[in-house]
Enquirer: 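Take this structure first; my questions come after.
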Amino acid sequence: MDPINALGEVGVDVLACGLTVSRRCPPRGSLATEGRPPVTVVVDRHDEKRFTHAALAAHHPPAGHFVVHPTVAPRSRFLWQDLLHTLGQETRARSGSAWPMDEQHRTVHTALSRRPRCRITVLRAHRLGEGLWADLIHLHLTTNAELVLVHHGEPGESLAHLLRHCDHRTVTGYTGMLRLHPARPALPAPGLSDADR
């Protein structure tokens, strides 16, 4: 479990309770998202490239649609920097001085709190631990960001357990992925008038 869990004690209970002591888990309503869509989990059971391509084709910052393809690293330590970079925020150099994960998370939270409503799709979410899933759910609950987490593969038991306590919807199948991620509109060719299009 990550040392800092942004969901606080509720999140720690969810992650630590285990199936045999689930009576300690918070009720589903405690992680509800009032007046907005819940966290969306896309399950790409067979790790198909077309799911990734559909999400990347929908990346359109002017419309508030951001897609993060996390850097592969132990403990996903660059996730917050990847998010900041995708949002157009400056980040510290990865090879430079250490930047504590909790400070990175707070920076992302502040950046998202100041933005108008947006949608952030995080690819390769199956590589993230439950602590980072909980932190991402916390961002969804407490900022203007609507989170879409793409899990490439079959969710494991611990993730399924975490999701039982979160207000979420699950999307399976490529058609559902396309509904969530319509391709951004093509830009007109330079130099053509409306009459020539």
Enquirer: In chain order, what residues pass the side chain to side chain contact (heavy atoms under 4.5 Å, CB included) check against P182, with sequence neighbours excluded?
Expert: none
Enquirer: Using the test salt bridge (charged side-chain N to carboxylate O under 4.0 Å, His left out), find all partners of R124 that sit at least two apart in sequence or belong to another chain.
Expert: D47
Enquirer: What residues form a ring pair (Phe, Tyr, Trp, His ring centres under 6.0 Å) with H59, not counting sequence neighbours?
Expert: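 Scan of H59 (ring pair (Phe, Tyr, Trp, His ring centres under 6.0 Å), adjacent residues dropped) gives none.
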Enquirer: Are the side chains of H168 and H140 in contact, using a 4.5 Å heavy-atom criterion?
Expert: no
Enquirer: Can you name the ring pair (Phe, Tyr, Trp, His ring centres under 6.0 Å) partners of F51, sequence neighbours left out?
Expert: Y174
Enquirer: Just so I know, are the side chains of L87 and F66 near enough to count as touching, which here means a heavy-atom distance under 4.5 Å?
Expert: yes
Enquirer: Mind checking the NE2-CG spacing from H126 to D44? Nearest 0.5 Å is all I need.
Expert: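 So the NE2 of H126 and the CG of D44 are separated by 9.0 Å.
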Enquirer: Going by the salt bridge (Lys or Arg N to Asp or Glu O under 4.0 Å) test, which pairs reach into residues 171-181, not counting sequence neighbours?
Expert: none
Enquirer: Applying side chain to side chain contact (heavy atoms under 4.5 Å, CB included), name anything that partners A125, two or more places apart in sequence or on another chain.
Expert: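 With sequence neighbours excluded, A125 shows a side chain to side chain contact (heavy atoms under 4.5 Å, CB included) to L128, W133, L149, given in chain and number order.
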Enquirer: Could you work out, with side-chain hydrogen bond (donor to acceptor under 3.5 Å, both in side chains) as the rule, every residue matching H151, not counting sequence neighbours?
Expert: none
Enquirer: Going by heavy atoms in the side chains, are I120 and L112 under 4.5 Å from each other?
Expert: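 Counting from C-beta outward, I120 and L112 do come under 4.5 Å.
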Enquirer: Below 4.5 Å, heavy atoms only, C-beta onward: do L84 and Q104 meet side chain to side chain?
Expert: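 Contact flag for L84/Q104 side chains = no.
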Enquirer: Tell me, please, which residues at least two apart from T110 pass side-chain hydrogen bond (donor to acceptor under 3.5 Å, both in side chains).
Expert: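 Per chain and number, T110 pairs via side-chain hydrogen bond (donor to acceptor under 3.5 Å, both in side chains) with no residue.
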Enquirer: Could you note down all residue pairs passing salt bridge (Lys or Arg N to Asp or Glu O under 4.0 Å) where residues 136-147 supplies at least one of them, sequence neighbours left out?
Expert: R117-E146
Enquirer: Of the options T143, L83, L136, which is the one that meets V108 in a side-chain contact (heavy atoms from CB on, under 4.5 Å)?
Expert: L83
Enquirer: Can you measure from CG (L132) to CZ (R127) and round to the nearest 0.5 angstrom?
Expert: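 Separation between the atoms: 13.5 Å.
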Enquirer: Considering residues at least two apart in sequence or located in another chain, which fulfil the side chain to side chain contact (heavy atoms under 4.5 Å, CB included) criterion with V43?
Expert: V41, R45, P155, T170, T172
Enquirer: Please list, chain by chain and in numerical order, all residues satisfying side-chain hydrogen bond (donor to acceptor under 3.5 Å, both in side chains) with T86, sequence neighbours excluded.
Expert: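 Checked T86 against side-chain hydrogen bond (donor to acceptor under 3.5 Å, both in side chains); zero matches.
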Enquirer: Looking at residues at least two apart in the chain, or sitting in another chain, which of them share a side chain to side chain contact (heavy atoms under 4.5 Å, CB included) with A63?
Expert: H60, H65
